[in-house]
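Here's the structure we're looking at; comments come further down.
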Amino acid sequence: MHLMLPTSLGVNPQTGLMSGFSRRYEKRLQDLADIYFDGDAFTRLARENSNLVTYEVYDFRPSDRPGDLIFGTSILYPGRVGDEFFMTRGHVHARADRPEIYYCQEGQGLMLMESPDGRTETLEMTPQTIAYVPPFWIHRSVNLGPGTLVTVFCYPSDAGQDYEIIARAGGMRHLVVADKEPPGWRLAENPRYTPRTPEEVARVVATGVTD
C-alpha cells in the first residue's frame, strides 16, 4: 500500500499567507469588469488603478483522488465599486453536489449564496465562524469591512468550479450594496439578472454524482 505523507502548513492569521501551498493566483480589478453592476463606477476606479489586487488565493492540492480534500486561504481586500463591496468572482462546483466550508480568520464579510432556481441566502462571516455552503449552491465572498477578509476554505478534490454560471444569468440575483442603516449593507435586486430555465436548473443538478 502506498500512503501519502501527512503534511502541516502554516497560515498567518492576520494576512492569510500560507506556507507550502501548491498554487497561488490573484485577481486584479481589470480582471473583474463583468461582475459589478455599476459599469461607470468600475471604469472610473479602473482608470485610477486597473492593476489593484482585489483578492488572492493560496491552495494546497494533495491529489485529485476522489475523497481527498483541497484546502487553502482566500484573502479579499476592502473596497467598493460604486455601492457594491469588493467580492470574489463566485462559482458553483462543476460537480454541483460537492459542499464547501469557509472558516473566517480575520475581517467582516458575507457569503452570498444562490440556489440554481434563484433563491438567495446569506451568511455573515466574522472571526472564528464557519460558513457551510451546501451542495448545489452558487456562492461568492463579499468583504463588508474596512480591513482584509481572510478565510480558510476546504472542499472535495473532485469538485471543480463553474465560474460561468453567474455570467450566463447576468450576475447573481441580488447585489450586496452599502447602506447607511445598520448593519451597513443590504441586498438589492440585480436588474440584469435572468432566471435560469427549468432545463438549466436540471443540468446543474445533473452534474452531481449520486452513486
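- Here the shortest heavy-atom pairing between L149 and C104 reads CD1-SG, 3.9 Å.
- Relative orientation of the F153 and Y155 rings is parallel, given thresholds of 30° and 60° on the angle between their planes.
- The main-chain N or O of S22 is never found under 3.5 Å from a side-chain atom of R61 such that the two would form a donor-acceptor pair.
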Show your reasoning for whether side-chain contact (heavy atoms from CB on, under 4.5 Å) applies to R140 and I35. CA-CA 11 Å; R140 69 167 26 135; I35 73 170; 3.9 Å; yes
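- Within the 3.5 Å criterion, the main-chain N or O of P135 finds no donor-acceptor partner in the side chain of D97.
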For side-chain contact (heavy atoms from CB on, under 4.5 Å), just list the numbers for F60 and R23, CA-CA rounded to whole Å, side-chain angles, deciding distance to a tenth of an Å, and then say yes or no. CA-CA 7 Å; F60 181 70; R23 184 183 65 155; over 6 Å; no
Check the pair F86 / V81 against side-chain contact (heavy atoms from CB on, under 4.5 Å), numbers first and verdict last. CA-CA 7 Å; F86 277 6; V81 175; 3.9 Å; yes
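- Enclosure of atom CG in N51 by more than 12 non-hydrogen atoms of other residues, nucleotides or ligands within 6.0 angstrom is indicated.
- We find the OG1-CD distance between T194 and E200 to be 9.0 Å, quoted to the nearest 0.5 Å.
- One finds the CG atom of D117 at 12.0 Å from the CZ atom of F136 (value rounded to the nearest 0.5 Å).
- R98 has no carboxylate O lying under 4.0 Å from a charged side-chain N of E100, or vice versa, which leaves the two without a salt bridge.
- Distance alone, capped at 3.5 Å, is enough to place a donor-acceptor pair between the E84 side chain and the F37 backbone.
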H174/E189 under side-chain hydrogen bond (donor to acceptor under 3.5 Å, both in side chains): CA gap, chis, key distance, verdict: CA-CA 5 Å; H174 287 97; E189 292 283 343; 3.1 Å; yes
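- Here the rule is side chain to side chain donor-acceptor pair (under 3.5 Å) with R89, and of D31, D34, T54 only D34 fits it.
- Distance check: Q108 CD to N143 CG gives 8.0 Å after rounding to the nearest 0.5 Å.
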After noting the C-alpha distance and the side-chain angles of Y58 and E56, does the key distance pass the side-chain hydrogen bond (donor to acceptor under 3.5 Å, both in side chains) rule? CA-CA 7 Å; Y58 297 81; E56 53 186 310; 3.1 Å; yes
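- Side chain of T129 to main chain of M125: no donor-acceptor pair is present (N/O by atom type, distance under 3.5 Å, no hydrogens or angles).
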Residues D162, R168; criterion salt bridge (Lys or Arg N to Asp or Glu O under 4.0 Å); working and verdict: CA-CA 11 Å; D162 175 2; R168 289 192 297 268; 3.2 Å; yes
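- Residue R28 holds its CZ atom at 13.0 Å from OH of Y55, rounded to the nearest 0.5 Å.
- Side-chain contact check for D38 versus D40: some heavy-atom pair is nearer than 4.5 Å.
- Classified by interplanar angle (parallel below 30°, tilted 30° to 60°, perpendicular above 60°), the ring pair H91/H139 is perpendicular.
- With rounding to the nearest 0.5 angstrom, the CG atom of L52 is 10.5 Å from the CD atom of E26.
- Note: L175 CG to M87 CE = 7.0 Å, rounded to the nearest 0.5 Å.
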